[in-house]
Every structure is written in structure tokens, then in C-alpha cells.
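Values below: every heavy atom of this structure, side chains too, minus hydrogens, waters and symmetry copies.
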Amino acid sequence: MGELGRSGIEEVLALTDRFVEVNERSIPKVPALRGKTVVSLFYEDSTRTRLSFETAARRLSADVMSFSVSSSSVNKGESLRDTVETIEAMGVDAIVVRHKSSGVPWQLSGWVQPRTSVVNAGDGWHEHPTQALLDCYTIREKRGGGDGSGLAGLRIAIVGDIRHSRVARSDVSAFTALGAEVTLVAPPTLLPPSLDGWPVQVSHDLDALLPGLDVVYLLRLQQERMIEALLPSLREYTATYGLTARRAELLRPDALIMHPGPVNRGVEVAADVADLPSSVITRQVQNGVAVRMAVLYLLLGSGVDRAAL
């Protein structure tokens with residue numbers, strides 16, 4: 001996200017407006033990327049991000065190739081580089097990659113030819129740029145803003161498993177670039193070992209923050225990435241950091257409730273709270289398609305030869 005900066009983020013958000021309109025048509029499709037081929041290369045399980053990218057590509061009239069690790073030559077020992085070079089030899093124009101190791105998208109961009117774009121769909125604990133872009137767009141859409149971003153001066157709390165979250169890292173970068181004030185809320189064991197360079201405040205008291213927030217952004221507890229016992233129990237975590245019905249009542253009526261999904265109802269957020277009018281979790285998913293259409297168009301349809309976003 002740091003490479004985009006404020007101007008790059010705003011360019012994507014402005015273009016997303018046009019694709020939101022496309023998605024609201026009776027036939028949500030345009031020929032912008034006809035003749036282009038996009039491959040989704042996912043080495044981690046995904047529902048929202050994978051389907052969102054594939055839907056975005058198809059609505060731009062691109063051809064889509066879907067790579068399944070479980071039925072590929074990876075299980076025969078094929079290396080990542082060999083896999084990528086094999087895919088590129090088929091004449092693809094963009095590779096959308098998700099991998100458990102940080103830095104893989106940047107490594108891929110050094111292996112492929114300049115004509116092939118690489119899009120980061122999540123790498124390890126590092127980044128998830130398009131999630132941050134769709135989060136910015138959703139906040140801007142709901143809160144407006146005279147400066148065009150809708151985030152300047154907003155108070156946003158990111159709550160939960162910051163330590164293992166690539167979404168948190170990308171969101172902090174994007175939110176603060178657009179002028180928001182960000183506070184991380186988590187038990188000490190779920191914060192990164194160092195927050196040097198993070199333009200944020202830190203709190204362990206969610207109740208005290210809630211009345212002053214414009215956005216409360218809840219993160220999933222990523223137990224599959226926890227290699228040590230970082231919490232006494234899920235019940236204790238929910239009692240202190242979960243957005244229960246009682247805590248939701250502390251929020252202002254116009255405050256937004258957000259979550260990148262998948263939601264663990266009853267853990268990070270109560271089931272009835274996730275369905276409140278102030279919850280925009282489903283809208284985030286909807287906006288994700290338009291944002292990813294904008295990203296693919298900027299890379300493949302607007303004269304940009306190469307990028308690793």
C-alpha cells in the first residue's frame with residue numbers, strides 16, 4: 001500500500017465509482033479487457049477474495065484461468081517459480097496471487113515478463129492491498145467527505161488479531177494515508193512485537209473508545225496462524241474485545257461496523273450485531289468486485305504495462 005500513496009489510492013477509488021455503476025446494470029459487463037487473460041493463483045484457501053477477483057475479471061470480459069493447488073503439479077514437487085513460468089508461457093496478462101509466505105508477489109514480479117502484471121491477493125502476514133482499497137471505498141461511500149476521500153479526520157479502531165493480520169497492515173497504511181486517525185485495540189499478545197513506524201495509537205480498553213469512534217473494524221482471530229497459546233480462551237477474548245450487543249449500544253448511530261470476513265459470529269462480533277443497519281460487512285464484499293475491476297483495468301486496460309500491487 002505504501003507504494004500507492006494517497007494519490008494512487010484516490011485514483012483507484014475514483015475509478016471504482018464507475019465500476020459500481022456497471023455492477024448495478026441489468027447486464028453487469030463491459031468489454032474493457034476483452035482478449036486479456038487473468039489467472040488466479042491461490043496457495044491459500046479463499047472464498048471472498050478469489051471469487052471477487054474472478055468475478056471482476058469476467059465482468060471486464062477477460063478470460064479467467066483458475067489454479068487449484070490440490071490438483072496441480074505442486075503436489076508432485078513443482079516449485080513456485082516453475083509453476084509461474086508454466087502459467088506465463090500460456091500467454092496470461094495478469095497473475096492474481098495469494099500465498100502463505102510474505103513477499104511472494106514481489107518475487108513473482110521479478111520472474112515474469114514485463115507484459116505480465118502481478119496482483120497481490122494476500123501474502124503471509126504482510127499485506128492485502130485490495131482489501132484495504134475496498135475498505136476505504138466503503139467508508140468513503142457511507143461517510144462522504146468534502147475532500148473526496150471520506151476518511152479525513154475519522155476515528156477508526158482496528159480490533160483483534162493485529163499480530164497475524166495482513167489486512168490490519170494494509171488498512172493502517174491506507175486509512176492514515178487518507179487522513180484518518182487509527183487506534184489498534186488488542187490484548188498485548190495479539191499485537192506485533194514492534195509497532196515502530198506504525199502511525200497509530202494503541203489501546204487495550206475497547207469500551208472507552210467506542211463512543212468516540214466513526215468506524216469499528218473487527219478482525220478475525222486467525223487461529224490457523226497461531227503457533228503458541230496467545231489467549232486464555234475465546235470466551236475471555238469475546239468478553240473483553242468482542243463487539244457484543246451491549247458494546248454496540250455505545251457506538252454513535254452513524255458509526256460503521258466492518259469486518260473483512262469470514263466472520264466468527266459470537267467471537268469477534270455478536271450475531272445480531274453483525275446484522276445491524278450500521279454493519280457494512282456485506283457491502284464490503286459487494287464493493288470488492290468493483291474495486292478489483294478498477295485495479296485490473298488500471299493494470300491491463302489503461303496503458304500501464306506492469307505493476308505489482
Can you confirm whether L219 sits close enough to P260 that some side-chain heavy atom of one is under 4.5 Å from a side-chain heavy atom of the other? yes
Heavy-atom side-chain proximity of W198 to T176 below 4.5 angstrom: no
Take atom CZ in R265; do more than 12 heavy atoms of anything else shown fall under 6.0 Å from it? yes
As an exercise, state the distance from CG of D205 to OG of S203, rounded to the nearest 0.5 Å. 5.5 Å
To the nearest 0.5 Å, atom CG of L256 lies from atom CD of E141 at 10.0 Å
Side chains of Q131 and S170 only: does a donor on one sit below 3.5 Å from an acceptor on the other? no
Minimum heavy-atom distance L191-H204, with the two atoms named: CD1-CE1, 3.9 Å
Between S61 and R34, is there a donor-acceptor pair closer than 3.5 Å when you use the side chain of the first and the backbone of the second? no
Do the side chains of T183 and I156 get nearer than 4.5 Å, heavy atoms only? no
Approximate separation, where rounding is to 0.5 Å, of F67 CZ and R50 CZ: 9.0 Å
Expected output: side-chain E268 to main-chain N264 donor-acceptor under 3.5 Å: yes
Report yes or no: does Q284 contribute a side-chain atom to a donor-acceptor pair with the main-chain N or O of H259 at less than 3.5 Å? yes
Can you check side chain to side chain contact (heavy atoms under 4.5 Å, CB included) on W106 and H126, steps first, answer last? CA-CA 12 Å; W106 283 263; H126 180 232; 3.9 Å; yes
Crowded around Q201 CD? As in, over 12 foreign heavy atoms under 6.0 Å? no
Any side-chain heavy-atom pair from Y137 and D17 closer than 4.5 angstrom? yes
Is the shortest heavy-atom distance from the side chain of I87 to the side chain of L41 under 4.5 Å? yes
I'd like to know if R166 pairs up with D171 as an ion pair, taking the criterion as any Lys NZ or Arg NE/NH1/NH2 lying under 4.0 Å from an Asp or Glu carboxylate oxygen. no
Quick one, L108 and P105 - any side-chain contact, counting heavy atoms below 4.5 Å? no
Do the side-chain N and O atoms of T49 and R98 include a donor-acceptor pair separated by under 3.5 angstrom? yes
Taking all atoms of both residues into account, what is the closest heavy-atom pair of S52 and R292, and its distance? OG-NH1, 2.9 Å
For the student: nearest non-hydrogen atoms of L206 and G242, plus distance: CD2-O, 4.3 Å
Rounded distance [0.5 Å steps], CZ in R59 versus CD1 in I27: 12.0 Å
How far apart are the C-alpha atoms of D207 and R247, what are their side-chain angles, what is the distance that settles it, and do they pass the salt bridge (Lys or Arg N to Asp or Glu O under 4.0 Å) test? CA-CA 7 Å; D207 287 358; R247 288 199 173 100; 2.5 Å; yes
Do V97 and F42 make a side-chain contact, defined as non-hydrogen atoms from C-beta onward lying under 4.5 Å apart? no
Would L151 and F175 count as a side chain to side chain contact (heavy atoms under 4.5 Å, CB included) here? Give the steps. CA-CA 7 Å; L151 274 72; F175 292 166; 3.6 Å; yes
Smallest separation among heavy atoms of L276 and A248, with atom names: CD1-CB, 4.2 Å
Please give me the minimum heavy-atom distance between G288 and L134, naming the atom from each residue. CA-CD2, 3.7 Å
Check the orientation of H99 and Y43. Use parallel for under 30°, tilted for 30 to 60°, and perpendicular for over 60°. tilted
Should L296 and V64 be regarded as members of a common hydrophobic cluster, given that ILVMFWY residues are connected when their side-chain heavy atoms come within less than 4.5 Å of each other, either directly or indirectly? no
Flag yes if L33 and L51 sit in one hydrophobic cluster, no otherwise; membership is Ile, Leu, Val, Met, Phe, Trp, Tyr, and two members link when side-chain heavy atoms are under 4.5 Å apart. no
Could you check whether atom CZ of R252 has more than 12 heavy atoms from other residues, nucleotides or ligands sitting under 6.0 Å from it? yes
Steps toward side chain to side chain contact (heavy atoms under 4.5 Å, CB included) verdict (V118, V112): CA-CA 9 Å; V118 177; V112 300; 4.0 Å; yes
Applying a strict under-4.5 Å side-chain criterion to I, L, V, M, F, W and Y, I'd like to know whether V280 and V285 cluster together. no
For M258 and D135, what are the C-alpha separation, side-chain angles and deciding distance, and is it a side chain to side chain contact (heavy atoms under 4.5 Å, CB included)? CA-CA 8 Å; M258 303 181 73; D135 291 337; 4.0 Å; yes
About how many Å separate CG of N120 and NE2 of H128, when rounded to the nearest 0.5 Å? 8.0 Å
Check V119, V84, T37 against I95 for a side-chain contact (heavy atoms from CB on, under 4.5 Å) and give me the one that passes. V84
Would a distance-only check, ignoring hydrogens and angles, find a side-chain to backbone donor-acceptor pair under 3.5 Å from T86 to D82? yes
Does R18 pair with E11 as a salt bridge, N-O distance under 4.0 Å? no
Verdict with supporting geometry, R169 and D123, salt bridge (Lys or Arg N to Asp or Glu O under 4.0 Å): CA-CA 11 Å; R169 287 164 175 79; D123 62 323; over 6 Å; no
OG1 of T55 to CE of M293: how many Å apart, nearest 0.5 Å? 10.0 Å
In N287, T16, V12, the residue satisfying side-chain contact (heavy atoms from CB on, under 4.5 Å) with L133 is V12
Determine the minimum heavy-atom distance between A56 and V289, stating which atoms define it. CB-O, 3.6 Å
Taking R155 for the side chain and G212 for the main chain, is one N or O donor matched with an acceptor at less than 3.5 Å? yes
Evaluation steps, side-chain hydrogen bond (donor to acceptor under 3.5 Å, both in side chains), between R283 and T138: CA-CA 7 Å; R283 188 61 183 172; T138 302; over 6 Å; no
Report the C-alpha distance between D214 and R143 in whole Å, list the side-chain angles of each, state the deciding distance to 0.1 Å, and finish with yes or no for salt bridge (Lys or Arg N to Asp or Glu O under 4.0 Å). CA-CA 9 Å; D214 298 290; R143 296 303 304 258; 3.3 Å; yes
Just so I know, are the side chains of S278 and L251 near enough to count as touching, which here means a heavy-atom distance under 4.5 Å? no
Take atom CG of D254 as the centre, draw a 6.0 Å sphere, and report whether it contains more than 12 heavy atoms from other residues, nucleotides or ligands. yes
